S.K.: 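Dropping a structure here in structure tokens format, bear with me for questions.
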Amino acid sequence: MRTAIVYSPGMQEYDLGHVLTGERYESFMALFREKAADRPEFEVIEPGYATEADLKLVHTDEYIRRVERCESRDPHDTPLSPGVVRAARLLAGAGKLAGELVQSGAFGTAVVIGGGVQHAGRSYEKGFGIFSDVGICAENLLQNHGLQRILILDTDAHAGDGIYGIFARDPRVLFISIHQDPGTLYPGPGYGNPMGEGEGLGYSVNIPLLPGTGDLAYQYVLDNVFTPLAEDFEPQTIIMVDGSDPHFMDQITRMGLTLRGIHMIAARVRVTADKVCGGRVVAFAGSGYDPAGALFPRGWLASICGLTGIEPDLTEPYPLPAGHTRDYAASETRQIVQAVRSAFAPYWKCFASS
Ligand SMILES: [Zn+2]
């Protein structure tokens, strides 16, 4: 199955003037061209801008108007300018297109480069995100393509509070978020571990991990929460939100994944998708912050190669920190997983005996 790399040079206008720079896009594409672009598995597809109707799949009319007027409610965090708003529309269009490329069968996997808005909600921008590319991708598949079950796996180091809010009441979307405990990282302890609301109760699964959690502990979470839930839920497509920020060298977060660990997560998603949904995966690779820009392009590529079944060169750009082990926090992670399985046992037969 082939992989679409959904990218447009216009995305470089998504430059917020802080850690989220427009240069990130070309940094990744330069590495991709060097290492992978000539492989037959890949094709670069250029998206168009989201239309008004696309944005309204998720966002309120009032919010879309406010964004168009560039009136940010938090200009330090998520500043709005005509260029940034154009780029946000482009990312939203990319999310919609990526879902359709996979749904049509043209590609097994489609990856939105620099996408994966996690914190923005239906009526607000937040945490560097403006229009929910993930939400628009999923709502378009539900509303316009007849899908009834979508699994969103979010392995970004930050809890996806915006995605949670968009789908909290919708049992057609199973949201699984594996992240650094929000007691120690944005969006903060107020997020808690919500389980969904109303008809969506039981369809939001949050797994808060300790800072430093390593590759083998993540693997344990996937094997004991993600895979059984995917087999139980039988999604028609898996949407994956990832990136490089759970890597041990990320400058904003404190998780402990290596590049090999990022590749492992994507490879496990691939195996599960092949089993439960005909291999259909839509991925968003956008996070990762290091001043030299050496880390995140490699992390995005590691993930894309894992999804595509390719073994890339995974040389770490930085040495492993002293004391780092691949199974760091393994015993604590087993306890966290046990607590999650017990809490969700009333909702899922795969956890019934937990
Ligand atoms: Zn993040």
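Since the structure is predicted, the reported quantities are computational estimates derived from the model, not experimental observations. Counting convention: from 1, in listed order, for ligands and their atoms alike.
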S.K.: Linking I/L/V/M/F/W/Y whenever their side-chain heavy atoms sit closer than 4.5 Å, directly or via other members, would Y25 and V117 fall into one cluster?
M.R.: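 Cluster IDs for Y25 and V117 differ.
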S.K.: Taking atom types as modelled, find out whether T109 and R270 have a side-chain donor-acceptor pair closer than 3.5 angstrom.
M.R.: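 There is such a pair between these side chains.
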S.K.: Check the orientation of F42 and F32. Use parallel for under 30°, tilted for 30 to 60°, and perpendicular for over 60°.
M.R.: perpendicular
S.K.: Restricting to side chain to side chain contact (heavy atoms under 4.5 Å, CB included), what partner residues turn up for L153, sequence neighbours left out?
M.R.: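 Result, side chain to side chain contact (heavy atoms under 4.5 Å, CB included) vs L153: L151, T155, I176, I178, L222, F226, V269.
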S.K.: Ignoring water, what protein N, O or S atoms are under 2.8 Å from the Zn ion (ligand 1)?
M.R.: D156 OD1, D156 OD2, H158 ND1, D245 OD2
S.K.: Taking only residues two or more places apart in sequence, or in another chain, which ones meet A330 in a side chain to side chain contact (heavy atoms under 4.5 Å, CB included)?
M.R.: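 So A330 forms a side chain to side chain contact (heavy atoms under 4.5 Å, CB included) with D327, R334.
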S.K.: List the atom pairs, donor and acceptor, that lie under 3.5 Å between side-chain atoms in residues 347-354 and the rest of the protein, sequence neighbours left out.
M.R.:
from : atom 1 : to   : atom 2 : distance (Å)
W348 : NE1    : G202 : O      : 2.8
K349 : NZ     : D232 : OD1    : 2.8
S354 : OG     : R341 : NE     : 3.0
S354 : OG     : R341 : NH2    : 3.3
S354 : OG     : F351 : O      : 3.2

